[in-house]
Structures are given as structure tokens and as C-alpha cells.
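The shown structure was predicted, so the numbers you read here are calculated from the model rather than taken from an experiment. Indexing begins at 1, ligand by ligand and atom by atom, following the structure's order. Just so it is clear, the values below take in all heavy atoms, side chains as well, and ignore hydrogens, waters and symmetry mates.
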Amino acid sequence: MKQTLIIANWKMNGSILANSKLLTGMLKFSNTANTELVICPPFPYLHQVKEYIVGSNIKLGAQNVNENNSGSYTGEVSADMLKEFYCRYVLVGHSERRSLFQESNGIIAKKITQAMDAGLTPVLCIGESLAQREKGDAQSVILEQLSCVINDIGLKKFKSVVIAYEPIWAIGTGQTASPEQAQKVHRMIRQYIYGLDPILSKNISILYGGSVNEINAAELIKQKDIDGFLVGGASLKPDSIETICKLKI
Ligand code: PEP
């Protein structure tokens with residue numbers, strides 16, 4: 001059976017002191033949680049987080065990776081560098097990267113290739129805006145985001161990707177998708193993958209993200225096609241992330 005995956009996206013938050021308090025709290029429950037917990041801190045704190053989590057069940061991830069291997073890309077970080085810093089996962093195509101940094105589906109596919117070539121598990125973030133949902137375009141937007149990557153990297157490589165469905169209107173807004181709304185999209189994604197590869201559709205992890213917290217997570221995780229969460233704001237609160245990681249599945 002797939003293990004429930006909880007990914008903590010700290011975004012551009014934290015400090016050495018704040019991180020150490022948060023990590024001390026997380027280490028207290030991590031070995032008793034029945035989920036795989038991954039922390040994605042900002043780049044400068046990768047080493048600090050690694051030092052805390054070594055020997056625990058917690059895994060390390062990054063929030064972004066460059067689509068090139070090395071070279072003159074000032075300010076960027078390569079997949080091999082992340083691997084050297086003990087990252088196992090990397091978020092790719094988060095909606096904030098798509099909208100604030102103009103990341104296209106093509107660039108996202110290149111990032112996924114870089115991540116996989118370095119031995120990292122890419123977490124492909126997809127999701128529609130409120131305007132797209134209201135126009136009835138949610139499904140086509142999501143399938144376009146998925147198919148662009150699959151066509152580019154090939155189905156064989158796609159087998160190692162984790163998908164995170166994150167409706168943009170739910171990210172950081174406190175307005176989460178209802179369990180029914182989320183399940184409907186997750187089911188649609190799984191059915192699409194079933195059409196390409198029935199076995200993959202069972203094995204692939206499809207996470208939900210968008211204002212997940214210690215209150216709404218319990219109902220969301222009961223949905224058949226939700227395999228875990230990508231958590232932003234609530235991952236900065238030790239009590240909230242503890243409750244989410246200890247959910248009865
Ligand atoms: C995210 O950063 O991917 C996210 C889902 O944030 P939040 O949980 O704060 O909505």
C-alpha cells in the first residue's frame with residue numbers, strides 16, 4: 001500500500017532560530033506518525049534541516065530547481081546541488097513559480113528531467129485559477145498541465161513523479177476545496193492516468209494542497225483518491241502539522 005505523504009512547504013519563511021524550534025517540535029512526533037513527512041525549507045536552511053532530521057523518518061525536499069545542469073544562471077540552484085545536500089524531493093511548477101516567475105509547462109518538464117536525472121523525486125504541482133474554474137475550464141487546464149509534461153518526458157519517466165493538485169484559489173487563502181470538490185478532480189486525474197497506464201494510476205501519489213489545516217485534513221484524507229497533502233501555512237505550526245501527520249487513514 002502507498003504511504004500517505006505529507007509535504008511541508010515552508011515557502012520564504014523561517015530563520016535559524018524559528019526553524020530550530022519548529023524542527024524540535026516535529027522530531028518529537030515524527031517517529032510515531034503513520035505518514036512520510038517531507039520538509040521543504042528555503043535553500044539556505046537545507047543544511048540546518050538536514051542536521052536536525054538525520055536519523056529520523058523525516059525527509060528533505062527543496063522548493064525549486066533550475067532546468068539546467070550547471071553554468072551561468074546567477075542565483076539558481078541545480079538538481080545535483082540539491083542531491084548533495086541530501087534532498088530526496090523537489091517541488092516543481094508550484095503556482096507561485098508559474099505566476100510570479102513565468103514558469104511554463106515546457107520549463108517545468110525540463111526541471112522534472114533535471115530532478116530525475118539527479119535521483120530526486122519531483123513533485124509536479126498543477127491546478128486551476130478561480131477564473132478558470134468559473135469558466136468551466138478547470139479540467140482542461142489541469143489535463144494540459146499534465147499532458148505537456150508527460151509528452152515531454154515520456155510515460156516511463158513520469159512513473160516516478162508525485163502529483164500535487166493545488167487549486168490556486170485555495171492556496172494561502174484559507175478557502176480550501178471541499179472534500180467533494182477535491183475528490184472530483186483527483187478522480188479525474190487518476191482516470192486520465194488510467195487511460196495511459198492502469199498500473200501507474202494505482203501506484204502514483206496524488207496529493208492535495210490549498211489551505212489544508214488540522215481541522216479540514218481529516219475529511220480530505222478520507223477521500224479515495226487523495227494520497228496525502230502539500231501543506232503551506234499550517235506546516236509552520238508544530239501542533240497543526242502534528243495533527244495532520246497523525247491522522248487515522
Ligand atoms: C502551498 O504552498 O503549496 C500551499 C498549499 O499553501 P497553503 O497550505 O498555505 O495554502
May I ask you to decide whether Asp197 forms a salt bridge with Lys159, counting only side-chain N to carboxylate O separations under 4.0 Å? yes
Tell me the residues surrounding ligand 1, counting only those with a heavy atom closer than 4.0 angstrom, sorted by chain and number. Asn9, Lys11, His94, Glu166, Ala170, Ile171, Gly172, Gly209, Gly210, Ser211, Leu230, Val231, Gly232, Gly233
With under 30° as parallel and over 60° as perpendicular, where do the rings of Phe229 and Tyr208 fit, or are they tilted in between? perpendicular
Using a side-chain heavy atom cutoff under 4.5 Å and only I, L, V, M, F, W and Y, what cluster partners does Leu230 have? Leu5, Ile7, Val38, Tyr89, Leu91, Val123, Val162, Leu207
Cluster membership besides Leu130, Ile/Leu/Val/Met/Phe/Trp/Tyr side chains within less than 4.5 angstrom, sorted by chain and number, is Trp169
Show your working on side chain to side chain contact (heavy atoms under 4.5 Å, CB included) between Leu37 and Met26 and close with a plain yes or no. CA-CA 10 Å; Leu37 175 59; Met26 287 170 122; 4.2 Å; yes
Running the 4.5 Å side-chain criterion over Ile, Leu, Val, Met, Phe, Trp and Tyr, what cluster does Phe101 land in, apart from itself? Leu100
